[in-house]
Engineer: 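Quick one: this structure, given as structure tokens, is what I'll be asking you about.
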Number of protein chains: 2
Amino acid sequence: MKNNRRTQAPRTQAQRSAATREALLAAARPLFAEHGFGKVSADAIASAAGVTRGAMYHQFDDKTDLFAAVFEQVEAEVVERVGAAVAGSGEADALTLMKRGAAAWLDACGEPAVHRIILVEAPSVLGWERWREVGMKYGLGLVQGMLEHAMDSGAVPKQPVTPLAHVLIGALDEAALYLARTDGSKRARREVDAVVDRLVDSLG
Amino acid sequence: MKNNRRTQAPRTQAQRSAATREALLAAARPLFAEHGFGKVSADAIASAAGVTRGAMYHQFDDKTDLFAAVFEQVEAEVVERVGAAVAGSGEADALTLMKRGAAAWLDACGEPAVHRIILVEAPSVLGWERWREVGMKYGLGLVQGMLEHAMDSGAVPKQPVTPLAHVLIGALDEAALYLARTDGSKRARREVDAVVDRLVDSLG
DNA sequence: TTGTTTTTCATACAGACTGTATGTATGTTG
DNA sequence: CAACATACATACAGTCTGTATGAAAAACAA
């Protein structure tokens with residue numbers, strides 16, 4: 001037997017890197033979500049991931065860079081979930097699709113990892129500009145796409161999409177935070193759904 | 001002459017405290033607005049204010065407490081400005097008043113001190129909960145009041161005010177940040193105004 | 001294989017920052 | 001003026017971030 005000294009199976013560099021990156025992301029995510037960026041030390045993250053700060057600073061430029069990676073991961077997940085909810089909900093007119101998307105977004109934001117990281121921490125840690133830049137690739141892009149589709153199909157009158165998308169996103173973001181605060185109240189959820197549905201309808 | 005040794009006129013304790021508090025607030029505000037809470041050291045603030053960290057930690061519990069004071073100051077100023085704009089704009093129906101309030105809010109957010117401190121930093125530094133708690137005393141309270149008035153006067157159908165107020169505030173906040181980014185573009189401002197006006201109209 | 005280079009990670013360290021403890025000066029009160 | 005309270009400055013301890021240096025592991029070459 002050639003490998004009796006090593007209990008660990010040999011791994012490729014890419015596997016090693018991927019493993020520690022994932023461990024760091026997985027460890028950082030709940031910590032950031034619960035305590036916020038400023039109150040989580042690099043050491044706490046590395047420890048939780050079972051590595052040292054050395055490994056972390058090798059994989060990421062700095063703490064902010066690690067946060068950015070977590071942020072993108074969460075964004076990608078959410079847009080995936082929302083996209084799936086919209087796509088898998090059968091045929092419907094543009095406005096109905098938007099309502100379903102909004103509801104899926106509110107669902108996703110139930111998780112603290114989502115609303116705290118995406119909506120509260122990220123703008124301050126990365127700066128609003130970079131925040132929206134990334135958001136454009138994900139959620140904001142999705143909304144803008146649906147709006148354009150709605151305008152093409154005539155469900156919504158033609159108008160500048162970007163400002164409208166921003167205002168809509170803002171409304172949805174705040175709605176999500178409001179719901180996160182009421183912590184699962186059925187009534188609050190119904191009320192918010194009603195407000196959001198009326199808002200979407202008003203676009204037509 | 002009894003006071004020839006002292007060039008400084010004697011001041012009461014209250015005056016001394018008030019002076020250093022104001023100096024600290026005035027110094028901290030632009031620093032927070034430009035660099036964000038995390039990147040401004042207590043020493044930088046104290047130096048800019050012409051005092052030492054000792055004085056600062058005597059007047060405020062910690063850096064967060066100082067930020068909270070700045071935040072409240074800015075909030076109070078903004079609500080004052082928006083309130084004045086609405087009150088001093090002559091008689092009008094409820095929806096028109098709301099549109100004027102929204103426009104005044106967008107104006108106020110032109111200043112970085114306003115949008116950066118109130119909209120970007122505060123939620124992360126103070127936590128969303130405390131942020132909204134203070135906001136309720138100021139801007140959010142104003143909106144809620146206007147909504148209630150609009151419902152009483154029949155301009156808006158009766159419905160739960162709190163969630164609606166949150167959604168509206170969210171839309172206005174994001175609109176303000178969007179505008180802050182476009183940095184004074186007349187066209188962007190017109191487009192946002194149009195979106196916001198349509199949004200308010202859709203309430204009726 | 002063996003030697004060499006590159007990548008991954010750990011440890012040691014320097015600088016910065018926060019909050020506190022302690023001492024001093026300045027008002028306030030009896 | 002004596003006794004005290006308040007306002008502030010300085011010194012210090014602990015924590016944190018980011019970097020520099022060295023070791024282990026993998027990739028590569030001969």
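Here is how names work: the chains are called A, B, and so on, in the same order as the sequence lines, proteins then strands, and each is numbered from 1.
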Engineer: Could you run down the sub-3.5 Å N/O contacts of the protein with nucleotides 20-22 of chain D?
Structural biologist:
none

Engineer: Can you give me the N/O atom pairs linking the protein to nucleotides 15-18 of chain C at distances under 3.5 Å, or say none if there are none?
Structural biologist:
from   : atom 1 : to      : atom 2 : distance (Å)
C:dT18 : OP1    : B:Ala42 : N      : 3.1
C:dT18 : OP1    : B:Lys63 : NZ     : 3.3
C:dT18 : OP2    : B:Ala42 : N      : 3.2

Engineer: Please list all pairs meeting salt bridge (charged side-chain N to carboxylate O under 4.0 Å, His left out) that have one or both residues in residues 164-174 of chain A, counting only residues at least two apart or in different chains.
Structural biologist: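 Sorted pair list: A:Arg132-A:Asp173, A:Glu174-B:Arg132.
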Engineer: Can you pull the ring-ring contact (aromatic ring centres under 6.0 Å, His included) pairs that have at least one residue in residues 157-204 of chain A, sequence neighbours excluded?
Structural biologist: A:His166-B:Tyr178, A:Tyr178-B:His166
Engineer: What pairs with A:Asp65 under side chain to side chain contact (heavy atoms under 4.5 Å, CB included), at least two apart in sequence or on another chain?
Structural biologist: A:Phe60, A:Asp61, A:Asp62
Engineer: B:Arg181: what forms a salt bridge (charged side-chain N to carboxylate O under 4.0 Å, His left out) with it, not counting sequence neighbours?
Structural biologist: A:Glu129
Engineer: List the residues meeting side chain to side chain contact (heavy atoms under 4.5 Å, CB included) with A:Glu148, not counting sequence neighbours, and say none if there are none.
Structural biologist: A:Gln144, A:Val161
Engineer: Charged N to carboxylate O under 4.0 angstrom, B:Lys158 versus B:Asp152?
Structural biologist: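 Yes, B:Lys158 and B:Asp152 are salt-bridged.
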Engineer: Can you sort out the partners of B:Arg53 under salt bridge (charged side-chain N to carboxylate O under 4.0 Å, His left out), two or more places apart, ordered by chain and number?
Structural biologist: none
Engineer: Quick one: list whatever passes side chain to side chain contact (heavy atoms under 4.5 Å, CB included) with A:Ala176, sequence neighbours left out.
Structural biologist: A:Trp105, A:Leu106, A:Cys109, A:Leu119
Engineer: My understanding is that only residues two or more places apart in sequence, or in another chain, count here; which of them pass side chain to side chain contact (heavy atoms under 4.5 Å, CB included) with A:Val79?
Structural biologist: A:Tyr138, A:Leu142
Engineer: Among residues 22-34 of chain B, which residues get a heavy atom nearer than 4.0 Å to DNA chain D?
Structural biologist: none
Engineer: I'd like a list of close polar pairs between nucleotides 28-30 of chain C and the protein, N/O only, cut-off under 3.5 Å.
Structural biologist:
from   : atom 1 : to      : atom 2 : distance (Å)
C:dT28 : OP1    : B:Thr12 : OG1    : 2.6
C:dT28 : OP1    : B:Gln13 : N      : 3.1

